[in-house]
There are 2 protein chains.
Amino acid sequence: MRLSSLADYAVVMMTAAARHCGGLARVNATGLAQETGVPLPTAQKLVSRLSSAGLIESTRGTGGGFRLSRPPATITLADIIEAVEGPIALTNCVDTSHQECALDGSCRVKPHWPVVNRAVRDALAGVTLTQLATQAPLPLAGGVGGGPVRSTPAFDIPSPNPSRKREGEQVL
Amino acid sequence: MRLSSLADYAVVMMTAAARHCGGLARVNATGLAQETGVPLPTAQKLVSRLSSAGLIESTRGTGGGFRLSRPPATITLADIIEAVEGPIALTNCVDTSHQECALDGSCRVKPHWPVVNRAVRDALAGVTLTQLATQAPLPLAGGVGGGPVRSTPAFDIPSPNPSRKREGEQVL
DNA sequence: GCCAATCGGAACGATATAGTCCGATTTGAG
DNA sequence: CTCAAATCGGACTATATCGTTCCGATTGGC
């Protein structure tokens, strides 16, 4: 349930690009890497992925670079993540139909996964680049709730989780 | 952005346990593995994780097994995922304080991650074992993204409804 | 026409994961 | 009370994906 580092870096780079020129001027991967701190080769790889996905327009040659293909308000977190990691799919059975897990027919929860997957994707699709470029972190008001300034409830489901033994992972 | 296979199997096993005895009787890992199709060693590993997290109560010795510690309506997908994978954290900077992100101070999107992370977690916390144990899934068979598919919250927890995201707005 | 800077893709290495095995503990029966 | 069986619990190994790096193709400027 963790985002890949590539996607994380892609979000940072896209946000930086949106903040810099609003997606109108061209910036190169080198300058953006120096600014954001992302390693240059990784930044180049991300630029390739993002351009392949159609999120940015790349210009080759001397003085080239890239710019956002769409206004920042129309680019969401889900777009960036899908551009880097592929389609958002919590399980294999949601993404491609040809992916068959061993459970297959006896899996009773398979019909439920698309619903959950869509809910998660909607949560990510509700965050736009414009929101991310803002300094003050808005309380997720713009797109996710559908409402104006709906304060997200604190989510108080009685799940005490008393004996949490594994805080991180099996770090030996 | 994909769920680990262990978490997927854990959800299947927990759902099967909830469907079988409603969390009242004891079942062993062997029988559940045979029923769900999960490999037995993997099922044993998952039982260990789930019992460590406090989701199930294990009884050792001959004729032992495990049963759900809480009613199925109070166990959510987020609980199961956190029991297997650890805390739900899209990025490293959200989870623990030991963020080793190279961007660190220059990261402008870091303040936004907790909000997004909570939104995703809420989406997972809104699905209970009772919902997953239901045969008839939520209305998805008709089509994804086409119409306003509304999930009927017939099995929701009596506690505050965890901010259901907008339903059926983004095409998958 | 030449050079230089950039994007694009491919290969290598590393980390984390998935799966499997064996041992310790406990309980029921004899 | 002893034995035996079944269970949980942790550790090891193999695999796969991810992250990083490097090199080539392309294009614009001079």
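First the proteins, then the strands, lettered A, B, ... as listed; each starts at 1.
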Rounded distance [0.5 Å steps], CG in A/L90 versus CZ in B/R2: 10.5 Å
Interatomic distance, B/T74 atom OG1 to B/D79 atom CG [nearest 0.5 angstrom]: 8.0 Å
Per B/S58 side chain, nearest of listed nucleotides C/dG9, D/dG9, C/dT6: D/dG9
Nearest to side-chain heavy atoms of A/S4, which nucleotide of C/dT6, D/dG19, D/dC8: D/dG19
Any A/Y9 side-chain N or O less than 4.0 Å from OP1/OP2 of D/dG19: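 Checking A/Y9 against D/dG19: no side-chain N or O falls below 4.0 Å of OP1 or OP2.
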Phosphate OP1/OP2 of C/dC7: any A/S51 side-chain N/O under 4.0 Å: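 Negative; the distance criterion is not met.
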Using atom [atom1] of [X] as one end and atom [atom2] of [N] as the other, report the distance to the nearest whole Å.
| X | N | atom1 | atom2 | value |
| --- | --- | --- | --- | --- |
| A/L46 | D/dT21 | CG | C1' | 14 Å |
| A/E85 | D/dC18 | CD | P | 7 Å |
| B/L6 | C/dG19 | CG | C1' | 9 Å |
| B/R2 | C/dT17 | CZ | P | 13 Å |
| A/I81 | D/dC18 | CD1 | P | 14 Å |
| B/F66 | D/dA6 | CZ | C1' | 15 Å |
| A/N92 | D/dT17 | CG | P | 9 Å |
| A/M13 | C/dC7 | CE | P | 9 Å |

Test item: A/S69 side-chain N/O and A/L55 main-chain N/O as donor-acceptor pair under 3.5 Å: yes
B/F66/B/N28 under side-chain contact (heavy atoms from CB on, under 4.5 Å): CA gap, chis, key distance, verdict: CA-CA 6 Å; B/F66 64 88; B/N28 54 9; 5.9 Å; no
Sugar-phosphate, base or nothing in reach of B/S48, heavy atoms under 4.0 Å: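 Base, at least one base atom sits under 4.0 Å.
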For [X], all residues meeting side chain to side chain contact (heavy atoms under 4.5 Å, CB included), sequence neighbours excluded:
| X | value |
| --- | --- |
| A/T42 | A/L6, A/Y9, A/V38, A/P39, A/L46 |
| A/Q34 | A/T30 |
| B/T62 | none |
| A/A78 | A/T76, A/I88, A/R121, A/L124, A/A125 |

Tabulate protein N/O versus nucleotide N/O from nucleotides 12-15 of chain C, keeping only pairs under 3.5 Å, one per line.
none

First encountered from the 5' end of DNA chain C, between B/A7 and A/G64: A/G64
Residue pair B/M13 / B/L50, side-chain heavy-atom distance below 4.5 Å: no
Protein-to-nucleotide contact annotation, 5' to 3' order, nucleotides 20-27 of chain C [B base; S sugar-phosphate only; - none; under 4.0 Å, heavy atom]: B---BBBB
